[in-house]
**Student:** 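Before I ask anything, let me first share the structure, which is written out below as structure tokens.
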Amino acid sequence: MNRTARAFWLSSPGEGEIREAVLPEPGEGDVVVRSLYSGVSRGTETLVFRGGVPESQHAAMRAPFQEGEFPAPVKYGYLSVGVVEEGPSSLVGRTVFCLHPHQTRYVVPASAVTVVPESVPAERAVLAGTVETAVNALWDAAPLVGDRIAVVGGGMIGCSVAALLARFPGVRLQLVDADPGRAAVAEALGVGFATPGDALGECDLVVHASATEQGLARSLELLRAEGTVLELSWYGDRHITLPLGEAFHSRRLTLRSSQVGTVSPARRATRSYADRLALALDLLADPALDALVTGESAFEELPDVLPKLASGEIPALCHRVRYTDTP
């Protein structure tokens with residue numbers, strides 16, 4: 001079996017390269033995975049790419065199989081789908097998801113991979129990490145039947161949240177984004193769409209995922225009295241201002257953070273990380289979620305593609321990376 005691989009590294013902020021890697025010999029309980037696809041989460045990964053992870057968050061932002069340190073050189077990523085070539089007989093030949101950086105082959109403990117259900121194509125399974133974030137967010141938010149809800153920010157995370165909320169009975173739901181082009185994605189997900197100025201107010205819950213202070217301020221404006229904004233955006237090293245004067249206190253509004261790094265307190269006693277990821281993969285059986293994959297390129301193209309994703313030259317929600325059969 002070929003024990004070499006190639007991996008994408010951020011060599012310095014704004015510049016990436018593909019490096020050769022020698023794989024370790026798999027031990028008992030390890031698996032060798034040959035990559036089929038990986039996904040670039042445009043928000044987090046482009047922030048990492050430009051060197052925007054604040055020093056205080058270096059430990060919190062580490063990916064499970066990251067090598068190197070922020071800001072660079074670092075091998076980063078967490079949306080990998082591949083096929084098990086070696087390992088326990090129950091896994092050999094199975095398609096699996098792993099929180100691994102962009103690499104043609106890798107060796108990880110068998111416990112680090114999750115089998116992709118047969119109902120979910122490998123191409124769509126790269127969305128598992130993002131849908132897992134949406135699951136955790138909704139455990140935090142605890143929406144109710146019939147709620148009036150807005151999701152502000154039609155990026156990868158916001159669209160994933162909206163796709164899951166679209167399954168809740170009786171909700172009034174809008175995806176809100178400044179880009180009218182996101183209306184087509186909302187339609188594919190079965191969700192209403194509005195620009196910020198046209199969004200419906202008096203919301204019980206607003207999920208904010210635009211990573212802009214304007215979006216967060218508008219989220220507060222869309223609430224009813226005693227409503228809640230669930231903040232999913234991560235701003236990295238940026239500082240934002242927020243109108244917490246005005247009617248924030250008199251209307252008793254709530255601003256609450258949510259982060260996928262820990263299982264929501266609402267389910268922590270009964271659900272593990274593995275349970276949460278398995279649920280996300282089951283939810284990916286819905287073909288409507290294909291709308292979140294907005295581009296694809298070959299692994300070899302990543303050094304040229306990531307700068308364009310970071311600059312917005314290539315607009316994307318999730319950008320999919322495909323791999324050939326050999327490293």
Side-chain angles (χ1 to χ4, degrees), residues 1-42 44-46 48-49 61-116 121-129 277 281 293 295-307 309-310 318-327:
M1 180 64 63
N2 194 331
R3 297 295 185 203
T4 62
R6 289 175 295 159
F8 177 77
W9 281 74
L10 175 64
S11 51
S12 61
E15 294 187 4
E17 63 184 9
I18 292 174
R19 298 182 181 181
E20 298 293 322
V22 177
L23 300 183
E25 285 294 320
E28 185 178 355
D30 287 343
V31 290
V32 180
V33 178
R34 172 173 54 84
S35 296
L36 299 173
Y37 300 97
S38 59
V40 179
S41 177
R42 185 173 179 270
T44 303
E45 286 199 57
T46 58
V48 170
F49 187 75
M61 277 292 294
R62 284 194 68 86
F65 295 100
Q66 173 181 321
E67 293 182 35
E69 303 294 336
F70 299 120
V74 65
K75 183 175 75 174
Y76 192 81
Y78 48 84
L79 301 174
S80 179
V81 177
V83 61
V84 176
E85 294 186 317
E86 295 181 59
S89 58
S90 60
L91 289 175
V92 172
R94 303 294 298 273
T95 300
V96 296
F97 177 84
C98 184
L99 297 167
H100 198 281
H102 309 284
Q103 185 165 313
T104 56
R105 268 191 181 89
Y106 47 89
V107 178
V108 295
S111 59
V113 302
T114 302
V115 174
V116 175
E123 297 93 325
R124 192 185 304 149
V126 297
L127 297 168
L277 180 55
L281 281 162
V293 179
E296 182 176 291
S297 60
F299 168 74
E300 292 79 9
E301 298 175 282
L302 268 177
D304 295 324
V305 167
L306 255 172
L309 288 170
C318 177
H319 188 87
R320 187 166 57 210
V321 179
R322 65 179 181 275
Y323 296 75
T324 55
D325 288 340
T326 56

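Start at 1 with the first residue, then count along the sequence.
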**Student:** Leu302 versus Val40: any side-chain heavy-atom pair under 4.5 Å?
**Tutor:**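 Leu302 reaches Val40 side chain to side chain.
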**Student:** Would you mind reporting whether Pro101 and Phe8 have side-chain heavy atoms less than 4.5 Å apart?
**Tutor:**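 A side-chain contact under 4.5 Å is absent here.
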**Student:** What are the two closest heavy atoms between Tyr78 and Leu99, and how far apart are they?
**Tutor:**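 Result for this residue pair: O-CD2, 3.2 Å.
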**Student:** Could you tell me the separation between the CZ atom of Arg34 and the OG1 atom of Thr95, rounded to the nearest 0.5 Å?
**Tutor:**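 One gets 9.0 Å once the value is rounded to the nearest 0.5 Å.
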**Student:** Can you name the nearest heavy-atom pair linking Val107 to Pro24, along with the distance?
**Tutor:**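 Nearest pair, atom of Val107 first, then Pro24: CG2-O, 3.6 Å.
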**Student:** For Glu45 and His102, which I'm curious about, is there any donor-acceptor pair between the side chains at under 3.5 Å?
**Tutor:**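 Side-chain D/A pair, Glu45 to His102: present.
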**Student:** To the nearest 0.5 Å, what is the distance between OG (Ser297) and CZ (Arg322)?
**Tutor:**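 It comes to 7.0 Å.
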**Student:** Could you go through the side chain to side chain contact (heavy atoms under 4.5 Å, CB included) check for Lys75 and Arg19 one step at a time?
**Tutor:** CA-CA 10 Å; Lys75 183 175 75 174; Arg19 298 182 181 181; over 6 Å; no
**Student:** How close do Leu10 and Pro71 get, counting heavy atoms only, and between which atoms?
**Tutor:**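 Shortest heavy-atom contact: CD2-O, 3.4 Å.
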**Student:** Contact between Tyr106 and Cys98 at the side-chain level, heavy atoms closer than 4.5 Å - yes or no?
**Tutor:**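 Contact flag for Tyr106/Cys98 side chains = yes.
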**Student:** For the pair Leu36 and Tyr323, evaluate side chain to side chain contact (heavy atoms under 4.5 Å, CB included) and give the outcome as yes or no after the intermediate values.
**Tutor:** CA-CA 5 Å; Leu36 299 173; Tyr323 296 75; 6.0 Å; no
**Student:** What's the spacing between Gln103 CD and Arg6 CZ if we round to 0.5 Å?
**Tutor:**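 The CZ atom of Arg6 is 10.5 Å from CD of Gln103, to the nearest 0.5 Å.
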**Student:** Tell me whether Gln66 contacts the main-chain N or O of Gly68 through its side chain, where contact means a donor paired with an acceptor under 3.5 Å.
**Tutor:**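 A pair under 3.5 Å: yes.
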**Student:** Val321 and Val126: side chain to side chain contact (heavy atoms under 4.5 Å, CB included), yes or no, with the steps?
**Tutor:** CA-CA 9 Å; Val321 179; Val126 297; over 6 Å; no
**Student:** Is the shortest heavy-atom distance from the side chain of Leu79 to the side chain of Phe97 under 4.5 Å?
**Tutor:**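 Counting from C-beta outward, Leu79 and Phe97 do come under 4.5 Å.
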**Student:** Less than 4.0 angstrom from a charged side-chain N to a carboxylate O is my criterion; do Arg320 and Glu123 meet it?
**Tutor:**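 Salt bridge absent between Arg320 and Glu123.
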**Student:** Below 4.5 Å, heavy atoms only, C-beta onward: do Val113 and His100 meet side chain to side chain?
**Tutor:**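 They are not in side-chain contact.
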**Student:** Grab the two heavy atoms, one from Ala5 and one from Leu23, that are nearest each other, plus how far apart they are.
**Tutor:**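 Taking every non-hydrogen atom into account, CB-CD2, 3.9 Å.
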**Student:** Can you check side chain to side chain contact (heavy atoms under 4.5 Å, CB included) on Thr324 and Glu300, steps first, answer last?
**Tutor:** CA-CA 10 Å; Thr324 55; Glu300 292 79 9; 4.3 Å; yes
**Student:** Tell me the closest heavy-atom pair linking Tyr37 and Glu296, and the distance in Å.
**Tutor:**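 Tyr37 and Glu296 have their closest heavy atoms at CE2-OE1, 4.2 Å.
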**Student:** Other residues, nucleotides and ligands only: do more than 12 of their heavy atoms fall within 6.0 Å of CZ on Arg94?
**Tutor:**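 Counting neighbours around CZ of Arg94, 12 or fewer heavy atoms of other residues, nucleotides or ligands fall under 6.0 Å, so no.
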**Student:** Glu15 side chain to Ser12 main-chain N or O, any donor-acceptor pair under 3.5 Å?
**Tutor:**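 Answer holds: no.
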**Student:** What is the distance from atom OG of Ser11 to atom CD1 of Ile18, rounded to the nearest 0.5 Å?
**Tutor:**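 Reported to 0.5 Å precision, the distance equals 11.5 Å.
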**Student:** Can you tell me how far apart OG1 (Thr104) and CD (Glu20) are? Round to the nearest 0.5 Å.
**Tutor:**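 Atom-to-atom, Thr104:OG1 and Glu20:CD are 8.0 Å apart.
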**Student:** Would you say Cys318 and Leu127 make side-chain contact, with heavy atoms under 4.5 Å?
**Tutor:**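 Yes - at least one pair of side-chain heavy atoms lies under 4.5 Å apart.
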**Student:** Using 0.5 Å steps for rounding, measure from the CG atom of Asp304 to the CG atom of Leu309.
**Tutor:**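 Between Asp304 CG and Leu309 CG, I get 11.0 Å after rounding to 0.5 Å.
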**Student:** Tell me the closest heavy-atom pair linking Ala128 and Leu277, and the distance in Å.
**Tutor:**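 Taking every non-hydrogen atom into account, CB-CD1, 4.1 Å.
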